[in-house]
Amino acid sequence: MAERSFDTTIPKAYDAKSVESRWYAEWVDRGYFRADPTRVSKDRPPFCIVLPPPNVTGALHIGHALQQTLQDVPIRRRRMQGYETLWLPGTDHAGIATQVVVERHLRSQGVEDPRSLGREAFVDRVWEWKEQYGNRIVEQMQALGNSCDWSRLRFTMDEQLSRAVRVAFVRMYEDDLIYRGERIVNWCPTDQTALSDSELEHDEVEGELVTFRYPLSDGSGHIDVATTRVETMLGDTGVAVHPDDERYRHLVGKTVRHPFSGQDLPIVADSAVDPGFGTGAVKVTPAHDATDFETAERTGLPRLNILNGDGTISDAAPGGFAGLDRYEARRRVYQVLRERGLIVKEERPYVHSVGRCYRCHSEIEPWLSGKQWFVAVSRLAGPAKEAAESGRVRFFPLRWVGPYTAWLDNLRDWNISRQLWWGHRIPVWYCEDGHEFAAVEDPDTCPECGSGRIEQDPDVLDTWFSSQLWPFSTLGWPDETDDLRAFYPTSVLVTGYEILYLWVARMIMSGLYLVSPGSTRTGDPIPYEHVVIHGLVRDEKNRKMSKSLGNVIDPLEVIERFGADALRFAVVRLASPEQQNYPMGLRDADAGRNFANKIWNAARLVFEAAPEVGVREIRAPKSASLLQSWLLSRHEACRAEVDQAMEEYRFDAAAIALHRFLWSEYCDWGLEMAKPALYEGTDDRRTSTWGVLAWVLERTLRLLHPIMPFVTEEIWQRFEAGESIVVAPWPEPHWEHRDEDAERRVSFVEEVVSSLRRFRSDHDVSPSRSISARVIVEGDRREALESLAGEVRRLARLDALDITDETLDSRGSARLVVQGAEVLVPLAGVLDPAVECERIRRRLLDLDGDTVRAEQKLANEGFLAKAPAEVVEAERRKLEGLKEERAGLDAQLVELGCADDAAGSPGER
RNA sequence: GGGCGCUUAGCUCAGCGGUAGAGCGCCGCCCUUACAAGGCGGAGGACCCAGGUUCGAAACCUGGAGCGCCCACCA
C-alpha cells in the first residue's frame, strides 16, 4: 500500500477550548460579520436581526445564550446562503434596573443616601459602572460564537440613539400623542418612581377584607363599605353606590361622617359600582385607587393624597397616623376602628392580587404623584393590530397573535415618565411664565415669550420608550441612512414571550407611526417581518432562575467545561416553540460535547483513511456502489429536513435531524460499512468510497455550522475547500440523490446485521467466537446483501456468510426471519438449544399479538373498503410474513425438541 | 372572571390520522486499529380521564382533572 500523505497527528479527543478561542478572533479579523449596505442587491438580499439588547447592568445568563443562539443560527445560515447579513448587537441602559443596582452598590461603598450626591454626580457614577460592566456582556457574547457586527454595537444612551428618542418624543408631543396629566400611577415606594402597567407583576396574596361602617352625618343610619387596604380610608372623600341600587337610592346626596377627620363625605351614584359585590357600597379613595379616581372624576369628589413617596402616611391624613409605614398604618387604623365598634365584618385570609414592582417586587401603591407624562395609545394600537392580523408581521408560533391583539384591544394610556435620574431626560421645558414646550435640541430661551429662565422637566423616560425605537434607531433613524434603506424592515425578531407587550407590541406601534415608508427597503414601516417567540430557560427543577435562588447558570461556566458548541447544541435542542419553559442543568451540555467529539473522531477516520491521490479534492460524487447511493440518499434526506426545519424556525428539529444523521447513520452504518473498502479495497474502490464519505461529511459540516460553528470550522478547514466555513455556501439540494431503493436495500442489510448481533447477544456468544450464517433471500435484496457481504461479515463478526435464493434444509440451525428472508445460523453443537427455544418462544409471543391484530384489521370490511389500497396491501403482506415466520419457528421448536410447551397457532388461543 | 399552554419511557421532551421516538438515566456484553465523551444488545409506555368523529385516534371534536402562564379597575 502506498504511503499515506494524511495528517495522523490529529488529537484523539476534541479540545473545544483551544479551537474556540482561535477561531472567533480570526472570524472577526477577517470581517465576516460586518455588513455593508452597498453590497445589497437583487442577487444579494439583506437579512437583518437586531439583538434584543441585554441590560448593561448584569452578566448574561443561560437564557441569553438560548436567545442569542436562536438568532445566530438563522444569521449564519443566511450568510452562507449569500444574503447580506447584519446582526446588530447592543445593550440597554435599563433605567430602573441599573439605577437600583448602582444605588445598592454605592450604599455598599458607604454612600448612605445615593441621591444626596446630586443628579449630575450620580449619573456620572452610573456611567462609570456602565463602562466597567458593559463590556462583560460583549465578551460573553463572543465566547458564545455570536456572529454580530461589532462595528455597529449600540447602546440606548448613545448620542445618536438619544437624538432618536428626542425626535420621537417631540414628534409625538406635537401630534398630541404625548400629553401630561394628573392621573393615578403605579408607584413603587422602594424605587420611588412611577411604573407603567406593563411593569407590574401580579401576585396572589392572603390578605384581609375588612368591612367597616360609616355613620350618616345626619345620624339617620349608616352605610357599610369593604376594603382590603383599610388604611386607605384615611384618604376617602366619598362613598359610591350604583345608581339603580334600590337599597341605597334614598341615601344618594346625603353624607357620611369620617370618623377621624369629622368631615362630611358625599354619597354619590356611579355605575362603575358592582351592586353585587360586598355591601354594594364602595368607599372612594380618589388618590389611591385607579377606579376610585375615575369615579371621583365623574362625580366631582375631591382627591386627598395621604401617602408619601416612600410609602408612609403623609401629614394630609387625619387621625394622627402620619409618619407610619403603610402596613403599620393598616394595623393601627383597623385597631382604632375596632375600638370604636365600626368594624362590621372581617374575612381572613382573603385572597386577592396585588401589583408588585417588576424590579424590586415591592407592593406598588396606586398614587397621585403630581403630573406624569403619557402616551395616548388609541391611534397607535389599531395599525399595530392590523399588521399582525394581515400577516405583514408573522408570529412563530402563530398562537401568539391572539394575546398580542387582545392586549392592544385593552390598552390604556402608557405612563412614560419616571422619577429617576438614569435615562433619557424628558425633552420638555417650562418657562417662568408657564409656557411649556418640547425641543430636540436643548433650548436657551422660551420660544413663546423669549424668556431665558427656563427649566427642563426633571423626569426621565421609561426605558421602554427608547427600546421601542431599537429596530430603527440602531439603523440610523431619524436620518434616512443607507442602513435603514438596506435593512429595515428587519427580517426576524427573536425574543421571549415575557416581553411581548412590554417591548414587541410597542416596537410595532412606534415603528408604524414614526418610520417613514419611503426610507425603508420595502416601503413598509413595520419593524420586522417575522417574530419568533421562545420560552424561558429554567433550572432542572423547572424553577425560575434567579440570583436569590442561587440557581443561575453562567454560560461562561458551561463553555469552560463543555465548549460553546456544546452549549449551543444543548440550548437549541431544548428550544421547542411549543414549550414555555426549558428546564436545564449544567449536565445538559453533555450531549453536545459528546456530539462534537463524535464528529471530530468521524472526521479523524475520514482524514486518516484518505487515499494518496486526490485527497483534497471534493467533487460532487457520481453515485456508484449501493453503500454510496444509500449514504448520499440519507444525506439528502437530512439536508431537506434541516432546511425545512430552519425555514420554520424549528431549530430543535434541525439539531436533532443532524445529530441522528451524523451519529446513527453516517457513523454507525456509513463509516462502519465503508471500512472494508477503505482498509482492504482496491485503489479505485477506496478512492470512490472515500470521495463519498468526504463529500457527505463536508456538506454535513456546513449544515451543522450555524448550530455548532467552531467544531465544524476546525474540521472543515482540513478539507481545504475554501477560506472559511463561515462564508462557505449553504448546501444546495441534490434531489437526484434520493434513492428509495437503495435505502430499502440497505435497511435490509442493516437488519440482517442487527438480527445476527441480537442472536449473538441472546446466546451470550462472545465477540471473539466466530459464527457463520446463511441467508435465503431473493431479488434485489439478495443482490444488496451480496454486494455488501464483506461488510456484513465484518459488522456481524461472521467467519462465513452464504447467500442463496434456494430453500435450504434448516435443520441444525437457528432461524432468524428478517423482512421475510431467512437467516440461518448453524448451531453446530456450540449453542444451547434451551436458550434458543426460549428465544423462539419470546419471539412467538410478539408474533401472535401482531398476527391477531393484523387478522382483525383485515377482517374489518370497513378497513378493506375505505382504507387506501396501499395500506391494505401492506397489511396483507405483513400478515403473510408473520405467518411464514410462525411456521418456520414452529418447525424449529419441534426440531429442537421443545415443541411440547409451544403455544398453538394464534387462531386457536 | 376571562384566555393561552402543557399532560407521551425513570427524567427532559419530539411526534400531531395508519400498530410509539430522541437525549440523558438504567441493565448486560465489549479496550473490535475514528471515538470508553465510545461500540453492540436489551429492559422500560392503558401516549391524564370520559365521551364522540373515523375503516383506523397519542394525534381531530366535546367535556373533565392536574400543573404552569398571561390578561382583568371583585372595592
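We use all heavy atoms of the structure for the numbers below, so side chains are in, but hydrogens, waters and symmetry mates are not. Order of the sequence lines sets the chain letters (A, B, ...), proteins ahead of strands, with each chain counted from 1.
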**Request:** Rounded to the nearest angstrom, tell me the gap between atom CZ in A:Phe651 and atom P in B:A14.
**Result:** 16 Å

**Fill in**
A:Asp588 atom CG is separated from B:G25 atom P, nearest whole Å, by 11 Å

**Modelled atom types, side-chain donor and acceptor of A:Tyr14 and A:Glu714, under 3.5 Å** = no

**Set of residues satisfying salt bridge (charged side-chain N to carboxylate O under 4.0 Å, His left out) with respect to A:Arg229, sequence neighbours excluded** = A:Asp289, A:Glu365

**Asked** Which whole number of Å gives the distance between the C1' atom of B:U19 and that of B:G15?
**Response** 15 Å

**Prompt:** Where does the angle between the aromatic ring planes of A:Trp663 and A:Phe595 fall among parallel (under 30°), tilted (30 to 60°) and perpendicular (over 60°)?
**Reply:** parallel

**Asked** Please give, in whole Å, the distance from B:C29 P to A:Phe759 CZ?
**Response** 19 Å

**Asked** B:C69 and B:G63: how far apart are their P atoms, nearest whole angstrom?
**Response** 24 Å

**Request:** Would you classify A:Ala602 as touching base, sugar-phosphate or nothing, given that sugar-phosphate means primed atoms plus P, OP1 and OP2, and contacts are heavy atoms under 4.0 Å?
**Result:** base

**B:C11 and B:C31, which share atom name P, separated by this distance in whole Å** = 34 Å

Every protein N/O lying under 3.5 Å from an N/O of nucleotides 2-7 of chain B:
none

**Request:** Starting at atom CD of A:Glu870, determine the distance to atom C1' of B:C55, rounded to an integer number of angstrom.
**Result:** 15 Å

**Item:** Integer angstrom distance from the P of B:C73 to that of B:G68
**Value:** 24 Å

**Asked** What residues form a salt bridge (charged side-chain N to carboxylate O under 4.0 Å, His left out) with A:Arg593, not counting sequence neighbours?
**Response** A:Asp590

**Request:** Kindly determine whether A:Arg356 and A:Glu201 satisfy salt bridge (Lys or Arg N to Asp or Glu O under 4.0 Å), including the steps that lead there.
**Result:** CA-CA 5 Å; A:Arg356 294 185 186 281; A:Glu201 295 172 346; over 6 Å; no

**Prompt:** Hey, what do you get for CG (A:Leu816) to CZ (A:Arg758), rounding to the nearest 0.5 Å?
**Reply:** 8.5 Å

Interface polar pairs with nucleotides 36-43 of chain B, N/O, under 3.5 angstrom:
residue, atom, partner, partner atom, Å
B:A37, O4', A:Asn594, OD1, 3.3
B:A37, O2', A:Asn597, OD1, 3.3
B:A37, N3, A:Arg593, NE, 3.3
B:G38, OP1, A:Asn594, ND2, 3.1
B:G38, O3', A:Lys598, NZ, 3.1
B:G39, OP1, A:Lys598, NZ, 2.9
B:G39, OP1, A:Trp663, NE1, 2.6
B:C40, O3', A:Arg757, NH1, 3.4
B:G41, O2', A:Ser761, OG, 3.1
B:G42, OP1, A:Arg758, NE, 2.5

**Fill in**
Assigned chi class of B:A65 under the 90° convention is anti

**All pairs passing salt bridge (Lys or Arg N to Asp or Glu O under 4.0 Å) where residues 865-874 of chain A contributes a residue, at least two apart** = A:Glu873-A:Arg877

**Message:** Classify A:Asp274 by what it touches in the nucleic acid, base, sugar-phosphate, or nothing, heavy-atom distance under 4.0 Å.
**Reply:** base

**Item:** Distance between P atoms of B:G10 and B:A43 (Å, rounded)
**Value:** 15 Å

**Prompt:** How close or far is atom P of B:A75 from atom CG of A:Asp224, stated in whole angstroms?
**Reply:** 17 Å

**Request:** Assign A:Arg561 to base, sugar-phosphate, or nothing according to its heavy-atom contacts below 4.0 angstrom with the strands shown.
**Result:** nothing

**Item:** Rounded interatomic separation in angstrom, taking CD from A:Glu297 and C1' from B:C73
**Value:** 14 Å

**Asked** Is A:Phe569 touching bases, backbone alone, or none of the nucleic acid, heavy atoms closer than 4.0 Å?
**Response** nothing

**Message:** Working to the nearest 0.5 angstrom, can you tell me the gap between A:Asn415 CG and A:Leu195 CG?
**Reply:** 8.0 Å

**Message:** Side chain of A:Tyr501, heavy atoms from C-beta onward: which of B:C70, B:G15, B:C24 has the nearest atom to it?
**Reply:** B:C70

**Asked** Out of B:A75, B:U32, B:A34, which has the shortest distance to the side chain of A:Lys675?
**Response** B:A34

**Euclidean distance for P, B:C24 against B:G39 (whole angstrom)** = 9 Å

**Message:** Here's a test of your reading of the structure: between A:Ala653 and A:Gly276, which maps to the more 5' nucleotide of RNA chain B?
**Reply:** A:Ala653

**Request:** Please name the residue in the list A:Glu346, A:Lys345, A:Met233 that meets the side chain to side chain contact (heavy atoms under 4.5 Å, CB included) test with A:Phe212.
**Result:** A:Met233

**Item:** Spacing of A:Asp413 atom CG relative to B:C73 atom P, expressed in whole Å
**Value:** 14 Å

**Fill in**
Contacts of A:Glu648 meeting salt bridge (charged side-chain N to carboxylate O under 4.0 Å, His left out) (sequence neighbours excluded), chain-then-number -> none

**Asked** P atom, B:G28 versus B:C70: distance in rounded Å?
**Response** 46 Å

**Message:** The criterion is side chain to side chain contact (heavy atoms under 4.5 Å, CB included); which residues satisfy it with A:Glu791, sequence neighbours excluded?
**Reply:** A:Met673, A:Pro676, A:Arg685, A:Leu788

**Asked** Counting only side-chain N and O atoms of A:Ser576, is one of them less than 4.0 Å from OP1 or OP2 of B:A14?
**Response** yes

**Asked** What pairs with A:Tyr582 under ring pair (Phe, Tyr, Trp, His ring centres under 6.0 Å), at least two apart in sequence or on another chain?
**Response** none

**Request:** May I ask you to check whether A:His659 and A:Phe569 place their ring centres under 6.0 Å from each other?
**Result:** yes

**Message:** Categorize A:Val273 for me: base, sugar-phosphate, or nothing, with a 4.0 angstrom heavy-atom threshold over every strand shown.
**Reply:** base

**side chain to side chain donor-acceptor pair (under 3.5 Å) involving A:Glu751 - partner list, sequence neighbours excluded** = A:Gln819

**Item:** Gap between atoms CG and C1', on A:Leu671 and B:A34 respectively (whole Å)
**Value:** 8 Å

Under 3.5 Å between N/O atoms: give me all the protein pairs with nucleotides 18-22 of chain B, atom names plus distance.
residue, atom, partner, partner atom, Å
B:U19, O2, A:Arg853, NH1, 2.7
B:U19, N3, A:Lys878, NZ, 3.2
B:U19, O4, A:Lys878, NZ, 2.1

**Prompt:** Mind checking the C1' distance from B:U62 to B:C27? Whole angstroms is fine.
**Reply:** 44 Å

**Asked** Can you list the residues that meet the salt bridge (charged side-chain N to carboxylate O under 4.0 Å, His left out) rule with A:Arg399, with sequence neighbours excluded?
**Response** A:Glu578

**Prompt:** Taking a pair as Watson-Crick (N1 to N3 plus N6-O4 or O6-N4) or G-U wobble (N1-O2 and O6-N3), both under 3.5 Å, which stems of 3 or more consecutive pairs involve RNA chain B?
**Reply:** B:1-7 with B:65-71, B:10-13 with B:21-24, B:26-30 with B:38-42, B:48-52 with B:60-64

**Asked** Can you name the one residue among A:Arg330, A:Lys283, A:Arg326 that meets side-chain hydrogen bond (donor to acceptor under 3.5 Å, both in side chains) with A:Thr232?
**Response** A:Lys283

